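Structure below; questions to follow.
Remember, it's a predicted structure, so these values are computed and weren't measured experimentally.
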Amino acid sequence: MRSWITQRDAFLFPREGDGWLSLLRVGLGIQTVFYAISLRHDWEYLFARNGHELVGPDVAEALLSTQSPLVPRLGWLTAVGIRIGLSESIVLSIAWWLLVIAGTALVIGLFSRASAIAAWFLHLGAAKSAGFLSYGVDNFMTIGLFYLMLSPLPDGLSVDRHWREPRRQNRQLLGFWRRVLELHLCLIYFFGGLAKCLGSGWWDGSNLWRALIRPPFNVLDPEILVRWKYLFPVAGIIIALLEVSYPFFIWGRSTRKIWLLGICGMHAAIGLAMGMYLFALVMIVLNVAAFAPDLDFVKDWRQRLPKGRNAALRHPLSAAR
């Protein structure tokens, strides 16, 4: 029994550096900024209640309230703004700028915890208020930002760590949150791959064909698709098997790099072939942060510095004195 408990604790609380957390923070910060920029011209069109919106947020938020009244939504912010005398347009504009600022702060690591919470809240509110128009990228951004705001921030590459008194990080806690992210990705890919294997569309390539010719994802010329149509069944089988085998081969040292490169290559190809750049970026960031080996580059970088400068980085306030 003690041996089982020891093995369980060793699996759930491995000792990790914070390199993976730095990568997750920077990657999700870039993702958040790009997400906000991509919606800049349609932000008010999507979320305003002026009668000219594409799909009114009232319906999405009403359906959301039946599921849970506690899920964040932009309607909360607009209601507060109207109560204090602000127009809905101004409140939505403030929300957009706050999302950009939160993403930028995450990239540089300024007020990391508060920025992660703000980015998660604002993004989730936008995704849920436009529930009929959201897709996979919103779900995975929510997952990534949720784990980021709960992780032991700030990390070693953040601005926060260099202007505050540094504190000793709990390496087991860092390992726990990375492990949770790893297990979550394994579940996602396994059941996604299993669903693909159970249908015939991925075995004969028809699902890939329909995905590539459906607007607005029809980026490639149809003539190119017809010319390479014989590769669709092969590509569909590879994708299905790559995903369903992900939780079995991503853990082994000899196979981890192969599966990680395969998954990242698959998402990069999806991004380029279908124009789903944000989806590709967030999936690559999550996979690399979770499973890329040797991510403790902060420690390695410090060890290469001269002794005096290395000490100054570890204790910036004492060095300043």
### Query
Measuring from F279:CZ to H267:NE2, what's the distance to the nearest 0.5 Å?
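It comes to 5.5 Å.
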### Query
Rounded to the nearest 0.5 Å, how far apart are OG of S112 and CG of L153?
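If we round to the nearest 0.5 Å, S112:OG and L153:CG are 5.5 Å apart.
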### Message
I want to check something: taking the side chain as every heavy atom from C-beta on, are L24 and L286 in contact at a cut-off of under 4.5 Å?
### Response
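Yes, their side chains come closer than 4.5 Å.
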### Message
Quick check: do V159 and F111 have side-chain heavy atoms less than 4.5 Å from each other?
### Response
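No, too far: nothing below the 4.5 Å cut-off.
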#### Entry: Donor-acceptor contact below 3.5 Å, side chain R171 vs main chain P14
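Looks like no, no N/O pair under 3.5 Å.
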#### Entry: L242 CG to I250 CD1 distance, which is reported to the nearest 0.5 Å
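CD1 of I250 is found 8.5 Å from CG of L242.
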### Query
Any donor-acceptor pair under 3.5 Å linking the side chain of D160 with the backbone of P154?
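Such a contact is absent between D160 side chain and P154 backbone.
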### ILVMFWY network linking V80 to L86, side-chain heavy atoms under 4.5 angstrom
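Result: no, two separate clusters.
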### Closest heavy-atom pair and its distance - A280, G271
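Looking at all heavy atoms of both residues, the closest pair is CB-CA, 3.8 Å.
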### Message
For a side-chain contact (heavy atoms from CB on, under 4.5 Å) check, start with the C-alpha distance between V285 and I30, then their side-chain angles and the critical distance, and finish with the verdict.
### Response
CA-CA 10 Å; V285 167; I30 294 172; over 6 Å; no
### Query
With a cut-off of under 6.0 Å to the ring centre and 45° to the axis, is R179 in cation-pi contact with F11?
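Verdict for F11: a cation-pi partner in R179.
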### Task
Could you check if a side-chain atom of I239 sits within less than 4.5 angstrom of a side-chain atom of M266, using non-hydrogen atoms only?
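A side-chain contact under 4.5 Å exists here.
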### Query
Picking from W259, F249, Y246, what satisfies ring-ring contact (aromatic ring centres under 6.0 Å, His included) with Y189?
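Only match with Y189 under ring-ring contact (aromatic ring centres under 6.0 Å, His included): Y246.
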### Message
Strictly distance-based, threshold 3.5 Å: is any side-chain N or O of R25 a donor or acceptor partner for the main-chain N or O of V107?
### Response
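The answer is yes, because a donor-acceptor pair under 3.5 Å joins these two groups.
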### Query
Are any side-chain N or O atoms of S115 and backbone N or O atoms of L110, one a donor and one an acceptor, separated by less than 3.5 Å?
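Yes, the answer is positive, given that a donor and an acceptor are paired below the 3.5 Å cut-off.
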### Query
Is the shortest heavy-atom distance from the side chain of Y35 to the side chain of V282 under 4.5 Å?
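When only atoms from C-beta onward are counted, V282 and Y35 do not touch, as no gap falls below 4.5 Å.
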### Message
Can you tell me if R83 has over 12 outside heavy atoms packed within less than 6.0 Å of its CZ?
### Response
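Atom CZ in R83 is not packed in, count stays at 12 or less.
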### Task
Give the cluster check for L261 versus I270: same hydrophobic cluster or not, with ILVMFWY residues linked at side-chain heavy-atom distances below 4.5 Å.
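Different clusters: L261 never reaches I270 through Ile, Leu, Val, Met, Phe, Trp or Tyr contacts under 4.5 Å.
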### Message
Can you confirm whether F232 is buried at CZ, in the sense that more than 12 heavy atoms of other residues, nucleotides or ligands lie under 6.0 Å from that atom?
### Response
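Atom CZ in F232 is crowded, with more than 12 foreign heavy atoms closer than 6.0 Å.
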### Query
Between R15 (side chain) and L174 (backbone), is there a donor-acceptor pair under 3.5 Å?
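Flag not set: sc R15 to bb L174 has no pair under 3.5 Å.
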### Query
Looking only at atom types and distance, does a side-chain atom of E243 sit under 3.5 Å from a main-chain N or O of L194, one as donor and one as acceptor?
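Pair absent, no side-chain N/O of E243 close to backbone of L194.
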### Task
Group every Ile, Leu, Val, Met, Phe, Trp and Tyr by side-chain heavy-atom contacts under 4.5 Å, then state whether L212 and W228 land in the same group.
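L212 does not cluster with W228.
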### Message
Has W203 got a side-chain atom pairing as donor or acceptor with C197's backbone, closer than 3.5 angstrom?
### Response
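The answer is yes, because a donor-acceptor pair under 3.5 Å joins these two groups.
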### Query
When rounded to the nearest 0.5 angstrom, what distance separates CH2 in W120 from OG1 in T142?
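Spacing of CH2 (W120) from OG1 (T142) equals 8.5 Å.
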### Between CG on residue N287 and CG on residue L181, distance to nearest 0.5 Å
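Rounded to the nearest 0.5 Å, the CG-CG separation comes to 8.5 Å.
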### Query
Closest approach of V219 and L272, non-hydrogen atoms and distance?
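Looks like CG1-O, 4.2 Å.
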### Query
Nearest heavy-atom pair of L185 and A290: which atoms, and what distance?
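Smallest heavy-atom distance, with atoms named: CD1-CB, 3.7 Å.
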### Message
Rounded to the nearest 0.5 Å, what separates atom CH2 in W209 from atom NZ in K229?
### Response
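These two atoms lie 8.0 Å from each other.
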### Query
F146 and L124: side-chain contact (heavy atoms from CB on, under 4.5 Å), yes or no, with the steps?
CA-CA 10 Å; F146 179 77; L124 183 59; over 6 Å; no
### Query
Hey, what's the ring geometry for F291 with W251, parallel, tilted or perpendicular (30° and 60° as the breaks)?
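Plane angle over 60°, so perpendicular.
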### Message
Run the side-chain contact (heavy atoms from CB on, under 4.5 Å) test on L145 and Q31 for me, step by step, so that the C-alpha distance in whole Å, both residues' side-chain angles and the decisive distance to 0.1 Å come before the verdict.
### Response
CA-CA 10 Å; L145 289 169; Q31 175 82 16; over 6 Å; no
### Task
State whether the side chain of T104 and the backbone N or O of V100 hold a donor-acceptor pair below 3.5 Å, judged by distance alone.
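Yes, the answer is positive, given that a donor and an acceptor are paired below the 3.5 Å cut-off.
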### Message
Membership question, hydrophobic clusters at under 4.5 Å side-chain separation (ILVMFWY): are F140 and L187 in the same one?
### Response
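Yes, one cluster joins them.
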### Query
Is a side-chain N or O of W20 found less than 3.5 angstrom from the main chain of A292, in a donor-acceptor match?
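Looks like no, no N/O pair under 3.5 Å.
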### Audit row: L148, L21, side-chain contact (heavy atoms from CB on, under 4.5 Å) steps and yes/no
CA-CA 8 Å; L148 181 64; L21 187 57; 3.8 Å; yes
### Task
Quick one: sort the F190 and F248 rings into parallel, tilted or perpendicular, breaks at 30° and 60°.
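Perpendicular.
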### Query
Going only through I, L, V, M, F, W and Y residues with side-chain contacts under 4.5 Å, is there a path from L23 to L150?
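Yes, same cluster.
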### Query
Taking the inter-plane angle between the rings of Y147 and H184 on a 0 to 90° scale, is it parallel (under 30°), tilted (30 to 60°) or perpendicular (over 60°)?
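Correct class here is perpendicular.
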### Query
Just wondering, do F121 and L77 contact through their side chains at under 4.5 Å, heavy atoms?
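Yes; the side chains approach each other to less than 4.5 Å.
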#### Entry: Shortest non-hydrogen contact between L99 and H123, atoms and distance
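So the two residues come closest at CD1-N, 4.0 Å.
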#### Entry: Donor-acceptor pair, side chain of D155 and main chain of D18, under 3.5 angstrom
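Here the side-chain-to-backbone pair does not exist.
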### Message
Minimum heavy-atom separation for I284 and C264, please, with both atom names.
### Response
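For I284 and C264, the tightest heavy-atom pair comes out as CD1-O, 3.9 Å.
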### Query
Do I188 and I143 have side chains that get closer than 4.5 Å, going by heavy atoms?
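The answer is yes; the side chains approach within 4.5 Å.
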### P152 to W177 - nearest heavy-atom pair and separation
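What the structure gives for the nearest pair is CD-CD1, 3.7 Å.
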